[in-house]
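Naming: A, B, ... by sequence-line order, numbering from 1 per chain.
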2 protein chains.
Amino acid sequence: MSENPLTQLGSTLTAIEQMPLRIQIADMLRRAIVSGNLRPGSLLVETALAAQMNVSRAPIREAIQILENDGLIESIAYKGKRVKPLTQREIEETYSLRVVFEVMAARRILEMNKPVDALWIHCRAMATAADNNDRDALTTADEAFHRTLIGLADHDLMLTSWNSLYLRIHQIMALRNVAQLNLAEIAGNHPPIVHALENGDVDKVINLISKHTRSIADLDAAKIAEMNL
Amino acid sequence: MSENPLTQLGSTLTAIEQMPLRIQIADMLRRAIVSGNLRPGSLLVETALAAQMNVSRAPIREAIQILENDGLIESIAYKGKRVKPLTQREIEETYSLRVVFEVMAARRILEMNKPVDALWIHCRAMATAADNNDRDALTTADEAFHRTLIGLADHDLMLTSWNSLYLRIHQIMALRNVAQLNLAEIAGNHPPIVHALENGDVDKVINLISKHTRSIADLDAAKIAEMNL
DNA sequence: GATTTATAAGTTGTCGACAATATACAATAT
DNA sequence: ATATTGTATATTGTCGACAACTTATAAATC
């Protein structure tokens, strides 16, 4: 089984290429949706996609079903499937559920007395990104912060739900007006959370997370409502 | 589709007979799993199922994918798919997530000042069932209680997650030793929750729900561990 | 002109067959 | 006896075709 490094790299690449088509297609479509390239409401027709990708309908169907499971696509009887429209309500539900998960995570972390040092790394990355006015870097560090927080809770079921949630959050973020976000403010919101965690102050953690999320959720909900998706 | 192959298998609901085969098959398999007829670890082979149900593999594949989404089935490379084994950890995660959802629901109900009269109906049904020593009736009323509680929170995303959670709870319940459950005690656990809700006592609600769920979760986790699934 | 009916087009649902790949087992060589 | 190789088998992945059903369009009737 031991081969030279070059073949190892090659096998890694072919491993991706040799994944089932449905996975490749699902990944492709998922990226298109959460990046905003496929806007909410877009119709997905199996035959069209199959022709476009030069594959049969079978893997397309399965890929679409995967995305339906992700909550990114919904079925419309005998018309096709379409990218799920984003309603104000859904945005609010998405963010409120994220708050619940993060509060749950915080409680578990405190119960288990887990160190939260890992969070500081992402806080610093966010601060740097804010200084450089680098929105992409801030977004990346922000997600890393939240993902780390959830991961520390060591709860697979919640993590799975959270991943699904975050797909939609990505989609929302791709459509929102980033210009109205104050990078420094967002970066500044996170260190107090870590401090509260280190001090074991549950109520403060809950308060901070709730307030932080709500302000973002309100911005996004307003934006999406205005876009009329 | 003038002749439905599945009628031979005892599917009696007429409404369901016009649904796509994948839905019928998924429902059938789901019932088999959550009722304990298909035990955790059972292998599901597409060709075998297709032959057994007199359909092609296509709807079987899609049905299996649906159940994979439900978290009831997992894939095993080049062996087939199997009913996901139940681990102690997973049981604990399932119940702890249910607690979080119910606490979230309670908070929202209190915030919206929603009347919770509907819950009393199910409390009474549970009391009656306990008096009659009718385990099935108690289980039904119990689920109705919890489903109503979640429903009152008016949060579609959470409801969807909760439904998925409850599938696994059904599966767990089907495998547990019902004899060790004290019906009167379970029935008695619910009215105080409704009282606390009516009094707006959030902390008490949280406390009651947590304690109530934990005792059941501990019983089930022990039972499953002992069964070595 | 409005309403009903017939026709066409488009989309999903299902099928049977073939290809690819991993596993299990037997046969062979060392 | 152990390791290796080859072969058979089992299972999933993918394809192209056809059927069923819904919607849209055009025609016909009143």
Colleague: Measuring from the side chain of B:Thr47 (C-beta onward, heavy atoms only), which nucleotide among C:dT11, D:dT12, C:dT14 has the closest atom?
Modeller: D:dT12
Colleague: B:Met53 has an atom CE; how far is it from atom C1' of C:dC15, in whole Å?
Modeller: 17 Å
Colleague: Look at the side-chain N and O atoms of B:Arg61 and state whether any lies under 4.0 Å from the OP1 or OP2 oxygen of D:dG13.
Modeller: yes
Colleague: Just the rounded figure in Å: distance from P of D:dG13 to CD1 of A:Ile66.
Modeller: 10 Å
Colleague: Atom CD1 of A:Ile25 to atom C1' of D:dC15: distance rounded to whole Å?
Modeller: 12 Å
Colleague: In whole angstroms, how far is the C1' atom of C:dT11 from the CD atom of A:Gln52?
Modeller: 17 Å
Colleague: Hey, are B:Glu93 and B:Arg89 close enough for a salt bridge, meaning a charged N less than 4.0 Å from a carboxylate O?
Modeller: yes
Colleague: Can you tell whether the side chains of A:Lys114 and A:Asp154 come within less than 4.0 Å, N to carboxylate O?
Modeller: no
Colleague: Using the closest heavy atom to pick a nucleotide of DNA chain C for each, name whichever of B:Arg57 or B:Glu62 lands nearer the 5' end.
Modeller: B:Glu62
Colleague: Compare the minimum distances between each of C:dG13, C:dA17, C:dT14 and the side chain of A:Glu46, then state the nucleotide with the smallest one.
Modeller: C:dG13
Colleague: Can you tell me the distance, in whole Å, between the CD1 atom of A:Ile60 and the C1' atom of C:dG13?
Modeller: 16 Å
Colleague: Could you point out which residue of A:His170, A:His190, A:His122 forms a ring pair (Phe, Tyr, Trp, His ring centres under 6.0 Å) with A:His146?
Modeller: A:His190
Colleague: Could you check whether A:Lys84 pairs with A:Asp70 (Lys NZ or Arg NE/NH1/NH2 to Asp/Glu carboxylate O, under 4.0 Å)?
Modeller: no
Colleague: I need the CG-C1' distance between B:Asn54 and C:dC15, as an integer number of Å.
Modeller: 13 Å
Colleague: Taking pairing as Watson-Crick or G-U wobble with both contacts under 3.5 Å, can you name the mate of D:dC18, or confirm there isn't one?
Modeller: C:dG13
Colleague: Starting from C1' on D:dG13, measure out to CG on A:Leu21 and report it in whole angstrom.
Modeller: 8 Å
Colleague: Could you work out which one of C:dT11, C:dC15, D:dT12 sits closest to the side chain of B:Ala58?
Modeller: C:dC15
Colleague: Under 4.0 angstrom, heavy atoms only, what part of the nucleic acid is B:Arg22 near: base, sugar-phosphate, or nothing?
Modeller: sugar-phosphate
Colleague: Please say whether more than 12 non-hydrogen atoms of neighbouring residues, nucleotides or ligands are located less than 6.0 Å from CZ in B:Arg147.
Modeller: yes
Colleague: Whole-Å distance between D:dT14 C1' and A:Gln24 CD?
Modeller: 13 Å
